[in-house]
Structures are given as structure tokens and as C-alpha cells.
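A, B, ... follow the sequence lines: proteins, then strands. Residue 1 opens every chain.
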Amino acid sequence: MTKTIYLETPQNFSFRETVNSHGWSVLLPFELDKENLRLSYVFENESSAEISEEDGKLKIEIVGENENLLRDVRHILRFDEDLSKFYKILKSEKRLKWIAAQSAGRLLRSPTVFEDLVKTICTTNCSWSLTKIMVKNLVEKLGNGGRAFPTPEQMASVPEEFYRTQIRAGYRSGYFAELAEKVASGKLNPEAWLTSNLPTNELKKEMKKVKGFGDYAAENLLKLVGRYDGLALDSYLRSEFYKKHNAGTLCDDKQIRAFYEKFGAWQGLAIWCDMSGNF
DNA sequence: GCGTCCAGGTCTACC
DNA sequence: GGTAGACCTGGACGC
């Protein structure tokens, strides 16, 4: 079954900026047609959505049955994210005015926190090309039809060795096996992090209980659940900071933190937009 | 072709 | 609490 739906977008929403907000749009089961700005995603039951813009609305071309599909599309594109306070803070920063002007700042995310959790582990201590390989293997060798991202149950159904030999996850293999077992058995519910009442530092501690999840990974996932207190410093952000704000020379993380401290609860989003924008 | 280094870090042992 | 060393893999680079 194929059908097309048109969605009104919220105020200050940019499909282009959201799709290009970070690398998630090229990690399966997302696929991005950059030339035509069309983003597609294959859901757990192999239904899919191809999203583009038409006449100021979002055009959603749906293949298959999925009663939660539109809810998930809104979630992926962060329709509910209110960035007005963030934009207000940026008014005093001439260098960052482009963010509000272009309605940037919405970070693309997966339909589930579990998927973002696994993908974040795939970004640690490796090149981006290896991240793409690991995610591709997860989808093609464990997901439904070799097209969808695997469920916790599907990931829990294979031994650690599978991650080592088939997914090419190396030392992360044990992390995946343990995480999948905990989520599939109900010992851990990452989806609850979306609505957690815990202060951010407490929620970060919860996230760091996941093996393989350190400061960078936890702060990155916090951004994807809507909390931007942490910078999620990684080698990419550091190198960009050195180039843009420190004349190309290295400095310690304290200096980077001091630079963005003024953005308070929004500092993680401020550094990401600052470093990823071509301004 | 081969060795080395590093990339969108984290864990453990040790102090 | 801070730090050194180990850890998988793929790709770039130098020789």
C-alpha cells in the first residue's frame, strides 16, 4: 500500500537544517538523497517513509501499513522541540545569528532511544566510515528484511561473537550483547529517558551505566533526548574549535567549556551549531 | 605490499 | 580524581 500525506510544520522549522544537522541522515535505515533533499527511513515492520518538501509543507510518501508512522516522523524531525529560548540567547552573538535565521538546531534522531544509543556506541573511537559499516551490518544482518534497524530482541538473539565477526564491531561486541540483553529483558528502558524527571547530571550517570558509554556518548545522547547542558566533546568538535577559536593550536577542554559556558543549558547545542556551521 | 598512525572514546588498574 | 595503557577496525599515508 502506498499513500502520500502532507504535514504542516511547526514554526521555526527547517527541513533542510534538520536533515543536515548531523551524520544520522546517512546511517541506515535513514537514506538521504542530497540533491533532491529527500530523506527516507525504514521502520521496524518494514514500512517506510520518504520525506521531502513541497509547497511549504512536508510531503510524506508512505509504503506499507504503520499506524505510528506520522508520530515517529514528528519525533525524528523534532517537531516538538521549542528552541525559542535558544534563539533568544543567540541574539547577542553576531557570529551565531545564522542559527535562528535559518531555523537550525533541531538534531535529527531515530524513532527509538535504543537505536540512537546503539548508533552512538558505533561512533566511538573509530572513523566515520567504520561507523557506517557497523550500522549497515546491524541493519542488513539483524534487522527485519535486512532493511530495518534491529530491535533489542533481535540484537539479543545473537551471541557476542556475531558482533565481532559479522558486524565488525571489535571490542564493542560485548557492549552490544550486554546492552541488547538488558533492554530485551526489561532491565533497562532507554525510552524512559525521553520523559525522565531526573536532573541532567543524574540522567547522565544512568546513561553511563551502559558499558561503552562514557562522557562523550552520554552527552551526545542527552542532546538527542532534548538536553543540551553537556558539550559532548569528541575529536571532531575539538579540532573544529582549535581551528575556529584558537588559531589552529591545541588547548585543553577547560578552555572549550569556558568558551560556551555562557550558553548555560543550551551550550551543547551552541557548540554543535557553531562548529558544524560554515560561518 | 607492509607497517604505522589515527579516527566523532571507554574501561580498568593503579596511584 | 587523575592518568597510562589496552582495545577492534578500516582507511590514509609513507616507504
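- Taking 4.0 Å as the cut-off between side-chain N and carboxylate O, E219(A) and K204(A) count as a salt-bridged pair.
- Counting only heavy atoms from C-beta outward, the side chains of V183(A) and L117(A) never approach each other to under 4.5 Å.
- dG8(B) sits 13 Å from dC13(C) when the P atoms are compared, rounded to a whole Å.
- Residue whose closest nucleotide on DNA chain B sits further toward the 5' end, between Y175(A) and W24(A): W24(A).
- The distance between atom CZ of R238(A) and atom C1' of dC6(B), rounded to the nearest whole Å, is 14 Å.
- Rounded to whole Å, atom P of dT9(C) lies 13 Å from atom CZ of F176(A).
- Spacing of P atoms, dA13(B) relative to dC8(C), comes out at 15 Å, to the nearest Å.
- The CD-P distance, from E160(A) to dC7(C), rounds to 15 Å in whole Å.
- Counting heavy atoms from C-beta outward, F149(A) and T112(A) have side chains that stay 4.5 Å or more apart.
- Remark: the separation of the P atoms in dG5(C) and dC5(B) is 15 Å, to the nearest Å.
- Among the nucleotides dT9(C), dG8(B), dC7(C), the one closest to the side chain of W272(A) is dG8(B).
- For the pair L231(A) CG and dG9(B) C1', the computed distance is 16 Å after rounding to whole Å.
- Dashed line: the shortest gap from a side-chain N or O of T131(A) to OP1 or OP2 of dA7(B) is not under 4.0 Å.
- Between the CG atom of L130(A) and the C1' atom of dC7(C) there is a distance of 13 Å, given to the nearest Å.
- When heavy atoms are screened at a 4.0 angstrom cut-off, T124(A) is found touching the sugar-phosphate backbone but no base atom.
- Between R172(A) and dC7(C) there is no side-chain N or O to OP1 or OP2 distance below 4.0 Å.
- In this structure, NZ of K119(A) is placed 20 Å from C1' of dG9(B), rounded to the nearest angstrom.
- Out of dG8(B), dG11(C), dT10(B), the shortest distance to the side chain of T123(A) is found at dG8(B).
- A stacking contact links W128(A) to dG8(B): the aromatic ring centre lies within less than 5.5 Å of the base's six-membered ring centre, and the planes differ by less than 30°.
- Counting any heavy atom pair closer than 4.0 Å across all strands shown, A232(A) reaches no nucleic acid atom.
- Nearest to the side chain of K211(A), among dT9(C), dG9(B), dT12(B), sits dT12(B).
- To the nearest angstrom, C1' of dC11(B) lies 12 Å from CG of D215(A).
- Ring geometry, H22(A) versus W24(A): the interplanar angle falls under 30°, so the pair is classed parallel (tilted spans 30 to 60°).
- Across all strands shown, dG11(C) forms a Watson-Crick or G-U wobble pair with dC5(B), both key distances being under 3.5 Å.
- Distance F213(A) CZ to dG8(B) C1': 13 Å, rounded to the nearest Å.
- Rounded to whole Å, the separation between the P atoms of dC11(B) and dG10(C) comes to 22 Å.
- Taking only side-chain nitrogens and oxygens, K132(A) never comes nearer than 4.0 Å to OP1 or OP2 of dG11(C).
- Sequence order on DNA chain B of the closest nucleotides to V210(A) and Y236(A) puts Y236(A) first from the 5' end.
- In this structure, F176(A) and Y163(A) have tilted ring planes: the angle between them lies in the 30° to 60° band.
- I60(A) and M1(A) sit in two unconnected hydrophobic clusters of ILVMFWY residues. Membership requires side-chain heavy atoms under 4.5 Å apart, directly or through other members.
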